[in-house]
Amino acid sequence: MEHVEFYKRFPLLVPETLDPLKADGYIETPEGERVRITIDASTHGTYCVDIVKSTLEVEELLQSKKAELDVRFQQCASGLSFVKELQHSLAGVSTLQKKISQFYGQIVKECDEQVGWDRVESFDKKTQIMRLKLKDAAGREHSVYVDLSSNVFSSNVEENSVSMESTKLTRYLETLEERCSHLVESWDLLDDIDSTLCVLQPQHPKRHELWRRIAVTSLHTALIDVSPDRSFPKLTVYGPRTTTLPLNARAKAVRTLWSPTKSARQNIECILQCTLPSAVFDHKDIKLECGVCFAFVCEKETADQVCANDVCAQPFHRTCLVQWLKSKEDTRQSFTTLFGKCPYCGGNITVSS
């Protein structure tokens with residue numbers, strides 16, 4: 001009699017035995033979505049969450065409520081009553097399953113037919129993120145992420161993610177390979193800078209960050225902006241105004257003086273006509289912190305506004321200096337420029353607001 005009732009209630013779930021319950025097939029969620037389920041109560045001798053095998057989404061839903069569900073499942077008197085209770089517990093899984101399954105099949109098919117599973121390095125069941133590897137012409141390994149919970153592709157090569165609705169995995173990888181090919185020489189230069197010069201920013205550079213802030217002297221830093229569309233980087237020096245003017249005048253010669261056969265250090269020292277500190281140079285010997293907030297970086301802004309008094313040469317964040325000067329009664333303003341006194345030495349200082 002129980003077999004008949006079981007078949008009527010769950011026609012797509014085929015039981016091998018009812019006591020202990022062993023079954024395989026599909027059941028419908030309370031929202032009417034079909035879910036693949038395998039049940040084997042013989043492995044535990046009781047009804048609990050652990051006897052159920054299903055999709056990643058279903059298993060995560062059940063595990064998230066395991067303590068509560070195990071109490072309810074253990075009170076079930078038969079396999080039929082257990083499956084009824086299990087069906088009720090699947091409320092809400094359909095929305096998540098729709099979201100992920102929309103692209104899951106497509107990703108699997110592309111890995112089977114075009115991408116190749118040998119390029120897949122890992123899959124995190126908890127975050128539902130697949131990690132693939134990508135090599136550029138120089139042998140550098142890059143990571144590509146397939147996020148099935150957010151339906152986006154991302155990588156360490158590009159700053160922004162790309163929706164799966166706008167492109168396929170194969171095309172996304174092709175685009176990244178083209179970009180990597182375009183950036184090989186830029187990355188060669190940046191790797192040289194990172195290994196031989198005193199890099200202040202970014203502290204943990206990502207491949208899409210094509211710039212570096214380096215130490216030049218204890219009072220000067222330089223911003224190096226690299227682009228694959230130029231055979232030379234842009235070079236801008238920051239520090240006391242009277243000494244940065246001649247340095248930046250020399251930096252303008254980078255277009256004609258930069259030599260691809262020389263190292264980054266050799267090129268920059270030749271252009272600025274100075275000796276750069278080593279990569280292990282003590283950052284404490286460089287005056288970097290803002291004189292107002294005492295931090296080097298504030299909301300991604302560096303302290304590049306420097307007091308014109310060479311004896312002081314205290315750097316400030318533009319935002320901090322503007323707020324400071326606006327709080328002082330003796331500050332004057334002409335259009336967007338503020339004229340006031342340096343918070344440290346009391347000398348004249350100006351900043352654009």
Side-chain angles (χ1 to χ4, degrees), residues 159 193 197-205 209-227 230 232-258 268-269 271-277 281-353:
E159 183 174 4
I193 292 172
L197 300 180
C198 180
V199 177
L200 305 173
Q201 286 184 290
Q203 292 183 342
H204 304 287
E209 294 175 318
L210 302 180
W211 62 276
R212 297 293 186 269
R213 187 77 172 264
I214 66 167
V216 177
T217 71
S218 60
L219 296 177
H220 300 85
T221 65
L223 179 65
I224 305 173
D225 184 12
V226 178
S227 169
R230 295 191 309 267
F232 58 90
K234 285 185 177 179
L235 193 60
T236 307
V237 181
Y238 295 91
R241 188 173 305 173
T242 56
T243 50
T244 55
L245 287 175
L247 288 174
N248 277 318
R250 294 172 199 153
K252 291 180 180 179
V254 67
R255 180 189 297 269
T256 55
L257 295 180
W258 191 272
I268 297 172
E269 287 182 342
I271 293 167
L272 298 182
Q273 299 175 21
C274 67
T275 301
L276 298 175
F281 186 74
D282 191 347
H283 292 195
K284 295 179 181 178
D285 292 337
I286 311 174
K287 189 178 285 190
L288 299 172
E289 290 76 18
C290 171
V292 175
C293 72
F294 304 108
F296 176 43
V297 180
C298 178
E299 297 181 355
K300 298 184 178 181
E301 180 186 349
T302 55
D304 55 13
Q305 303 297 305
V306 181
C307 176
N309 181 354
D310 290 349
V311 177
C312 176
Q314 176 63 48
F316 304 93
H317 296 118
R318 181 186 301 276
T319 303
C320 294
L321 186 56
V322 167
Q323 291 178 350
W324 173 276
L325 292 178
K326 284 186 174 180
S327 69
K328 302 302 176 182
E329 294 181 357
D330 57 350
T331 298
R332 295 179 296 104
Q333 182 168 354
S334 176
F335 298 102
T336 59
T337 302
L338 296 175
F339 300 84
K341 301 296 182 181
C342 171
Y344 265 58
C345 69
N348 294 332
I349 193 168
T350 61
V351 63
S352 175
S353 60

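This structure is a prediction, so every number in the text was calculated from the model and none was measured. Note that the numbering runs from 1 along the sequence shown for the chain.
- Taking OG1 of T350 as the reference point, atom CZ of R332 lies at 10.5 Å (rounded to 0.5 Å).
- Counting heavy atoms from C-beta on, the side chains of L235 and I224 come closer than 4.5 Å.
- Residues L325 and I349 meet the side-chain proximity criterion, which asks for heavy atoms closer than 4.5 Å.
- When side chains are defined from C-beta on, V292 does not count as touching H317, because their heavy atoms never get closer than 4.5 Å.
- Residue V254 comes nearest to P233 through the heavy atom pair CG2-O, 3.4 Å, listed as atom of the first residue, atom of the second, then distance.
- The shortest distance between side-chain heavy atoms of P315 and Y238 does not fall below 4.5 Å.
- In this structure, the separation between OG1 on T236 and NZ on K252 is 10.0 Å, given to the nearest 0.5 Å.
- One distance of note links NE2 of H220 with CG of N248; it measures 9.0 Å at 0.5 Å rounding.
- Across all their heavy atoms, F339 and S334 have their closest contact at CE1-CB, 3.8 Å.
- When all heavy atoms of V199 and Q201 are compared, the pair lying nearest together is CG1-O, 3.4 Å.
- The minimum heavy-atom distance between Q314 and C290, with the atom names listed, is NE2-C, 3.8 Å.
- In W258, the CH2 atom is crowded: over 12 heavy atoms of neighbouring residues, nucleotides or ligands sit closer than 6.0 Å.
- Of all heavy-atom pairs spanning R213 and T221, the tightest one is NE-OG1, 2.8 Å.
- Side-chain contact between W211 and P202: present, with at least one pair of heavy atoms (C-beta onward) separated by less than 4.5 Å.
- The distance from atom CZ of F232 to atom OG1 of T256, rounded to the nearest 0.5 Å, is 9.0 Å.
- Side-chain contact between R230 and D225 is present, with at least one heavy-atom pair separated by less than 4.5 Å.
- Residues C345 and N309 share a closest heavy-atom pair of SG-ND2, 3.7 Å.
- Checking side-chain atoms of Q333 against main-chain N and O of F335 turns up a donor-acceptor pair under 3.5 Å.
- Judged purely by atom type and a 3.5 angstrom limit, R318 has no side-chain atom pairing as donor or acceptor with the backbone of V351.
- Separating the CD atom in Q305 from the SG atom in C342 is a distance of 12.0 Å, to the nearest 0.5 Å.
- Between I214 and I268 there is a side-chain heavy-atom pair separated by less than 4.5 Å.
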Check the pair V237 / R250 against side chain to side chain contact (heavy atoms under 4.5 Å, CB included), numbers first and verdict last. CA-CA 10 Å; V237 181; R250 294 172 199 153; over 6 Å; no
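- No donor-acceptor pair closer than 3.5 Å links the side chain of R212 to the backbone N or O of P205.
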